[in-house]
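For the numbers below, each heavy atom of this structure counts, side chains included, while hydrogens, waters and symmetry mates do not. Keep in mind that what you see is a predicted model, and the values were worked out from it rather than measured. Whatever order the structure lists ligands and atoms in, that order sets their numbers, starting from 1.
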Amino acid sequence: MAKMKAKALPTQAEDFSAWYNDIVYRADLVDLGPVRGTMIIKPYGYSLWENIQKNLDAMFKATGHENLYFPMLIPMSFFQKEAQHVEGFAPELAVVTHAGGKELEEPLAIRPTSETIIGEAYSRWVQSYRDLPLLYNQWVNVMRWELRTRPFLRTTEFLWQEGHTAHATAEEALAETRQMLDIYATFAEEFGAVPVIKGEKTEGERFAGALMTLTIEAMMRDGKALQSGTSHYMGENFARAFDITFNDVNNEQAYAHTTSWGLSTRFIGAIIMTHGDDKGLIMPPKLAPYQVVVLPIYRANDEAAKAGVMAEVDALAAALREQGVRVKVDDREGLSPGRKFNEWEQKGVPLRLEVGPKDLEQGVAQLADRLTGAKEAVALGAVAERVPAALAAFHEALLERARAYRDEHTYDAASFDEFRERVEDGFVYAPHCGEPACEEAIQEETKATARCIPLEGPSAEGAVCIRCGRPSGYERKVVFAKAY
Ligand SMILES: [Zn+2]
């Protein structure tokens, strides 16, 4: 990547896509894997994922879910059992045909998602209504053979969590599906500072085999949508395919109702594209690998100044860590402070704390904010208290900024011509007839897709379809956008 650094980071306005493809490497989040479409997640990127994982996992456990682990190899025959599911996933399957130097009797798919292998196990684990609900989740890698790939957004192998639950009734399963959507939305906003629209997918955009797919959709800084988490209600589809039956309270055989829900390393793409600017990344404080970078500043070879500055830097770092703040002290020798500023700015560390001999004379450190560029002198004794407050304010400001950006790029359209124009610049709320063919035509003509039927939003009562003029098929206007 050394060659790339010689050139400037492209601005977002000039080429958003080039900006993204450049910053993921410059900020040292990833490197390319040797197999096309794979990525090596480097420590700075992996640490972000670990923070996503840790916080989301706590929310899953607080709502009664447990983690387990299923094998990554799935007998091919399992995929044949649910017709829509196999149709949806077959083109993306990577299949193992040989192992141990021999051709296998039955080819094995590398999991693209685990409904099938989990469905088979659940059929053995569930006998009676007393065995329900099953509320399980796994944190794993999955593989989907994609032709066009981009780090985090679309890779042949990615990391995610997949929750799989089984319930005695449709009501319970639907409540679970909605609960997990709420958890994703809360997580996105409260941890990622990523504002999202909660909604239901249209039939054409539904998960293969699901009766209902709920989604959270976020707007990137180029006006495009990124689906950031999904929660599916399968009804009895997978239970029928895998024979997940139980004796209900009346001792009658019934099929379980199942759900699945997932959030992946794509969410890192959402963070990058919701917050980043022309200088690089901006990390949401609650997920940032480092929340504060401390830069000791002294002239090279001034050993006395160095000793004084380093003593104070170490004390400040210790006091901050005691407050639970994730601190990085950049004490690398032989790099100018300017070079270090730029590097951490590019990596999007929310706060930078500078400590030099002049500051020490005045008993202060300089606290700089990555979002606004503002700098303030903070008394050394007050730093440990000031930083957590500054981080909390940073989160709010970041979320507010993202909301304002989304609102500025969200439109209503009175005609299909207006729709066509507006959808180039963001989200458009428009009534739609609900016909899959009409939805496909919109995609062909504008490249925009129905992101969701929002759970909250403008009513479409009495309205007619933006494209074909038939009566609206939904209660609300549909959110359309170009999407990743
Ligand atoms: Zn229509």
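The Zn ion (ligand 1) has C433 SG, C438 SG, C465 SG, C468 SG as its protein N, O or S neighbours under 2.8 Å.
Of the residues listed (W145, F78, F207, F79), the one engaging F89 in a ring pair (Phe, Tyr, Trp, His ring centres under 6.0 Å) is F207, and it is the only one.
Taking a cutoff of 4.0 Å between a charged side-chain nitrogen and a carboxylate oxygen, E120 and R124 qualify as a salt bridge. Using a 4.0 Å cut-off between charged side-chain N and carboxylate O, K201 and E217 make a salt bridge. Ion pair E408/R403 not flagged as a salt bridge, since none of the NZ, NE, NH1 or NH2 atoms sits closer than 4.0 Å to an Asp/Glu carboxylate oxygen. A salt bridge is defined here as a Lys NZ or Arg NE, NH1 or NH2 lying under 4.0 Å from an Asp or Glu carboxylate O, and D22 with K7 fails to meet this definition.
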Quiz item: Does the pair T215 and T230 meet the rule for a side chain to side chain donor-acceptor pair (under 3.5 Å), with working shown?
Solution: CA-CA 4 Å; T215 178; T230 46; over 6 Å; no

